[in-house]
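Step one of this worksheet: look at the structure below.
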Amino acid sequence: MSFFSIKKPAKFEGAKSKKEFAFRHYDKNKKVLGKTMGEHLRFAMCWWHSTCWPGSDPFGGDTFLRPWHHSSDEMGAARQKADVMFEAMELTGIDFFTFHDRDIAPEGATLKESNANVSAIASYIEKKMAKSKKQLLWGTANLFSNRRFMAGAATNPDPDVFAYTAAQIKHAMDVTKGLGGANYVMWGGREGYETLLNTNIGHELEAAKRLLALVVEYKHKIGFKGPILIEPKPQEPTKHQYDYDVATVYSLISSLGAQKDVKVNVEQNHAILAGHTFEHEIALAAAWGIFGSIDLNRGDYQSGWDTDQFIVDVPEITVAMLEILKAGGFTTGGMNFDAKIRRQSIAPDDLVYAHVGSMDACAKGLLNAAAIIEDGTLGGIVNDRYAGWVTAQNKAMLAGKESLGQIAARVEKQNINPQPKSGQQERLENLINRFC
Ligand code: XLS
Ligand code: NI
Ligand code: NI
């Protein structure tokens with residue numbers, strides 16, 4: 001039985017196509033800068049927004065009325081959600097998916113029972129994967145919904161919650177490995193605090209670090225090949241998050257010297273909430289060698305929370321894609337649609353249209369960014385801006401071959417007197433627009 005009324009997968013029809021359900025730019029096998037578009041973009045569909053969320057908001061409940069949300073047979077409903085996920089991936093041509101343990105299977109009365117539910121549905125998923133050739137981009141554990149996590153998971157004041165967290169992650173990592181997951185994600189959820197009046201911040205940071213160390217150790221123990229990805233987010237749910245942004249997460253990763261094993265999963269909406277741009281967070285992660293993957297969505301620039309809309313703004317995607325290409329593109333990572341349709345979009349097909357439209361916008365962004373790189377003007381201007389650093393003397397200064405005193409003596413002796421040059425921001429913005 002099929003859930004969607006659309007029966008045939010979206011196809012590439014070219015930029016002039018008038019058909020609504022079609023790709024105008026996403027031509028999966030087309031080569032762009034030496035790789036196919038499919039290899040560049042590595043799209044993933046997420047379980048939680050696509051099948052679990054019922055369309056609720058703080059003022060009202062379920063608008064979607066999906067049959068599985070109202071079934072008394074919880075395991076049957078979980079299998080139905082999996083069927084719908086695979087059907088949606090087929091129609092959109094998305095090859096990867098992502099999930100939390102609690103998205104795919106119901107929570108039981110004990111952790112043992114919950115784990116058994118997750119394992120049972122994971123084998124159901126495994127069979128569907130073998131048939132469809134769909135792959136797992138990453139798995140993760142939901143350590144924020146149940147009330148036991150209201151004061152945090154690893155950073156909870158109660159050591160039993162820390163232990164429970166570790167146990168739940170262990171199983172989620174085992175299942176992710178079993179399904180051939182390319183990465184394992186940790187989003188901090190409630191790892192933060194509401195008020196300092198009841199918080200020992202030093203202890204909580206130590207506990208966060210310990211959990212990460214345990215996870216890295218376990219990754220090696222089970223031979224999980226992919227990286228651990230931390231997903232930064234500045235607030236929501238907790239007021240002060242310990243995983244605020246890429247810079248904050250880098251300090252945690254580097255405090256363990258774990259840059260090889262732990263990278264970041266950068267989300268557009270989280271970057272906006274942190275007062276950054278999406279491209280800033282990508283570029284910073286790349287500069288530090290911790291760029292891993294992306295959660296693709298769009299924040300609302302007027303509201304201070306995670307609206308998780310589908311991203312469709314081509315110029316915005318173009319500058320993000322430019323940073324991804326400059327970083328060398330994805331290896332194990334990809335572009336996970338951590339995005340949800342609006343609660344009035346109640347028709348099943350709306351979900352498929354949303355993904356296809358956003359995929360196409362990303363493809364256009366990729367083509368634009370590749371054209372900017374091939375044109376070379378922008379790259380040339382940036383290179384010229386830093387050209388002074390290529391001289392032997394300046395290279396030596398950067399490499400630490402001169403002391404502060406030596407540099408000062410040289411400035412006096414050579415009468416160094418810097419002359420400012422234009423940054424040309426408007427001209428560069430106009431240049432980008434020529435490609436969008
Ligand atoms: C929430 C996060 C979450 C992670 C996975 O804001 O984006 O969905 O991606 O736990
Ligand atoms: Ni996310
Ligand atoms: Ni989010």
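Remember, it's 1-based here, ligands and their atoms both numbered in the order they're listed. Remember, it's a predicted structure, so these values are computed and weren't measured experimentally.
A side-chain N or O of T248 and one of D245 form a donor-acceptor pair less than 3.5 Å apart. Side chains of H171 and S119: a donor-acceptor N/O pair is present below 3.5 angstrom, by distance only. For the 3.5 Å distance criterion, the side chains of E191 and T155 qualify, holding a donor opposite an acceptor. Inspection of the N200 and H203 side chains reveals no N or O donor paired with an N or O acceptor under 3.5 Å. No side-chain N or O of N297 forms a donor-acceptor pair with one of N269 less than 3.5 Å apart.
Excluding waters, the set of protein N, O or S atoms lying under 2.8 Å from the Ni ion (ligand 3) comprises E267 OE2, H270 NE2, D306 OD2.
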Table of N or O contacts for ligand 1, cutoff 3.5 Å:
residue: ligand 1; atom: 6 (O); partner: K233; partner atom: NZ; Å: 2.9
residue: ligand 1; atom: 6 (O); partner: H270; partner atom: NE2; Å: 3.1
residue: ligand 1; atom: 6 (O); partner: D306; partner atom: OD2; Å: 2.8
residue: ligand 1; atom: 7 (O); partner: E231; partner atom: OE2; Å: 2.7
residue: ligand 1; atom: 7 (O); partner: E267; partner atom: OE1; Å: 2.7
residue: ligand 1; atom: 7 (O); partner: H270; partner atom: NE2; Å: 3.3
residue: ligand 1; atom: 7 (O); partner: D338; partner atom: OD2; Å: 2.8
residue: ligand 1; atom: 8 (O); partner: W48; partner atom: NE1; Å: 3.3
residue: ligand 1; atom: 8 (O); partner: D338; partner atom: OD2; Å: 3.0
residue: ligand 1; atom: 9 (O); partner: E231; partner atom: OE1; Å: 2.7
residue: ligand 1; atom: 9 (O); partner: E231; partner atom: OE2; Å: 2.8
residue: ligand 1; atom: 9 (O); partner: D295; partner atom: OD2; Å: 2.8
residue: ligand 1; atom: 9 (O); partner: D338; partner atom: OD2; Å: 2.9
residue: ligand 1; atom: 10 (O); partner: H100; partner atom: NE2; Å: 2.7

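Taking 4.5 Å as the limit, some side-chain heavy atom of M359 sits within range of a side-chain heavy atom of F337.
Ring geometry for Y193 versus Y242: interplanar angle of 30 to 60°, hence tilted. Using cut-offs of 30° and 60° on the angle between ring planes, the pair Y26 and F23 is perpendicular.
In this structure, R148 forms a cation-pi arrangement with Y164, its terminal cationic atom sitting closer than 6.0 Å to the ring centre and no more than 45° off the ring axis.
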